[in-house]
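Labels below follow one simple rule: chain letters A, B, ... track the order of the sequence lines, proteins then strands, and each chain is numbered from 1.
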2 protein chains.
Amino acid sequence: MRLTTKGRYAVTAMLDLALHSEQGPVSLADISARQGISLSYLEQLFARLRHFKLVKSVRGPGGGYRLEGDTANISVAQVVDAVSESLDATRCEGKGNCHEGEVCLTHHLWEDLSAQIHRFLSEITLADLVARNDIQAVRQRQDIRLANSHHDETHIAISEIL
Amino acid sequence: MRLTTKGRYAVTAMLDLALHSEQGPVSLADISARQGISLSYLEQLFARLRHFKLVKSVRGPGGGYRLEGDTANISVAQVVDAVSESLDATRCEGKGNCHEGEVCLTHHLWEDLSAQIHRFLSEITLADLVARNDIQAVRQRQDIRLANSHHDETHIAISEIL
DNA sequence: TTAATTCCGAGTATTTTACTCAAGTATTCT
DNA sequence: AGAATACTTGAGTAAAATACTCGGAATTAA
């Protein structure tokens, strides 16, 4: 469980997707416009999200991405895990080449911590985030703004509101 | 709250320090030998740990580092915070230049999560870690090994045991 | 067919990580 | 006082991760 801005971008994008999933598939271009994340970067992130079965793609015009399954079944932990490597950084790498059969200790300890953080983030779902009224308030502002301005260059990104 | 290998190195080093603090100051060279972390990198980490008043340096022969205060008062969160930048990655950066006075939303959300993880790691102290008997077992092996071998090149790092 | 979209691969700039090297400073032991 | 020990500082560097660009191919609705 690595915790960097990359995971944060992914959570933001997934939240945006959750907020707009009612009106059919959401294009990455729209997410890019609303959240201020580059399109190509989103493509990379969504390739992994798709691979982990968190989203489903619809190709062609009017296409985009849909959440795979219900928002209540997608946790923040899943999203973060999908886009970020798990951190090992040990000489042994779980292969058991720790000295003389003695199993790793610092390793276990850290994985312990890591597992607990993971458990914690597993209990927060996209549905929980969507239910927050501060999020709902922003959603509306963003929608209006995107509708008004396909020529306008000012946006309110969710990240500017979180 | 960023969670990478850097923080892990710091926690490992601090744990090593805690395990050997009874016999006077611990030199970075010893920690380097036991934990397999390069001396220069430890120097950088400890410069920050010192700056955050988590350790105290003792110069001169027989010198090294001591923990500043009791192990029960040093949390994992403090150690991680000391060595890693806090992740912002927002266009607004808390400066309130979020659009039209509307406060950041995704920002708040993430900081919320971040704060909760922080709280979680704040409740785990070095004393808690030292108390684990798997750690104690390793400690002894490492001590023997370091004593026997200032010419020997095989070590059991805590990280090989965690 | 055309346009919108996902998909895919290569490439790149920036930052972070992890480390090396070298010179300097403080302290203690003799 | 002088030498040894060890911290301190700073510059520099290689590798990895991050964040992004670009070009083009595949798909499909209209």
Could you tell me the separation between the CD atom of Gln44(A) and the C1' atom of dA13(C), rounded to a whole number of Å?
14 Å
Out of curiosity, Ile31(B) CD1 to Met14(B) CE, how far, rounded to the nearest 0.5 Å?
9.0 Å
Could you check how far CG of Leu45(A) sits from P of dC7(C), rounded to whole Å?
14 Å
Rounded to the nearest 0.5 Å, what's the gap from OG1 on Thr12(B) to CG on Leu129(B)? Could you check?
10.0 Å
According to salt bridge (charged side-chain N to carboxylate O under 4.0 Å, His left out), does anything in residues 38-51 of chain B pair up with another residue at least two apart or in another chain? List the pairs.
Arg48(B)-Glu85(B)
To the nearest Å, how far apart are Leu28(B) CG and dT9(D) P?
13 Å
How many whole angstroms separate atom CG of Asp30(B) from atom C1' of dT5(D)?
13 Å
Interatomic distance, Glu43(A) CD vs dA4(C) P [rounded to whole Å]:
16 Å
Backbone of Ser32(A) reached by a side-chain donor or acceptor of Gln35(A) within 3.5 Å
no
With rounding to the nearest 0.5 angstrom, report the CG to OG1 distance, Leu15(B) to Thr71(B).
10.0 Å
What are the residues of residues 46-55 of chain B, sorted by number, that bring a heavy atom to within less than 4.0 Å of DNA chain C?
none
Interface polar pairs with nucleotides 15-17 of chain C, N/O, under 3.5 angstrom:
unit_1  : atom_1 : unit_2  : atom_2 : d
dT17(C) : OP1    : Thr4(B) : OG1    : 3.4
dT17(C) : OP2    : Lys6(B) : NZ     : 3.4

Separation of dA19(D) C1' from Arg8(A) CZ (nearest whole Å):
15 Å
Closest heavy-atom contact between Ala29(B) and Leu39(B)?
N-CD1, 3.7 Å
Could you check whether any side-chain N or O of Thr5(B) sits under 3.5 Å from a backbone N or O of Arg8(B), counting only pairs where one atom can act as donor and the other as acceptor?
no
With sugar-phosphate meaning primed atoms plus P, OP1 and OP2, does Ser27(B) contact a base, only sugar-phosphate, or nothing at under 4.0 Å between heavy atoms?
sugar-phosphate
Cut-off 3.5 Å, no hydrogens considered: what does the side-chain donor-acceptor table look like for residues 55-70 of chain B, sequence neighbours left out?
unit_1   : atom_1 : unit_2   : atom_2 : d
Asp70(B) : OD2    : Ala72(B) : N      : 2.9

Give the residues of residues 56-71 of chain B touching DNA chain D, defined as any heavy atom closer than 4.0 Å, sorted by residue number.
Ser57(B), Val58(B), Arg59(B), Gly60(B), Pro61(B), Gly62(B), Gly63(B), Gly64(B), Tyr65(B)
Table please: side-chain donor-acceptor pairs of residues 118-125 of chain B below 3.5 Å, with sequence neighbours left out.
unit_1    : atom_1 : unit_2    : atom_2 : d
His118(B) : NE2    : Asp81(B)  : OD2    : 2.3
Ser122(B) : OG     : His118(B) : O      : 2.7
Thr125(B) : OG1    : Ala127(B) : N      : 3.3
Thr125(B) : OG1    : Asp128(B) : N      : 3.1
Thr125(B) : OG1    : Asp128(B) : OD2    : 3.3

Quickly work out the Leu39(B) CG to dC7(D) P distance and round it to whole Å.
8 Å
Any Leu45(B) side-chain heavy atom under 4.5 Å of Lys6(B) side chain:
yes
Could you measure the distance from the CG atom of Leu42(A) to the CD1 atom of Ile37(A)? Nearest 0.5 Å is fine.
5.0 Å
In this structure, how many angstroms lie between the P atom of dT18(D) and the CG atom of Leu3(B), rounded?
13 Å
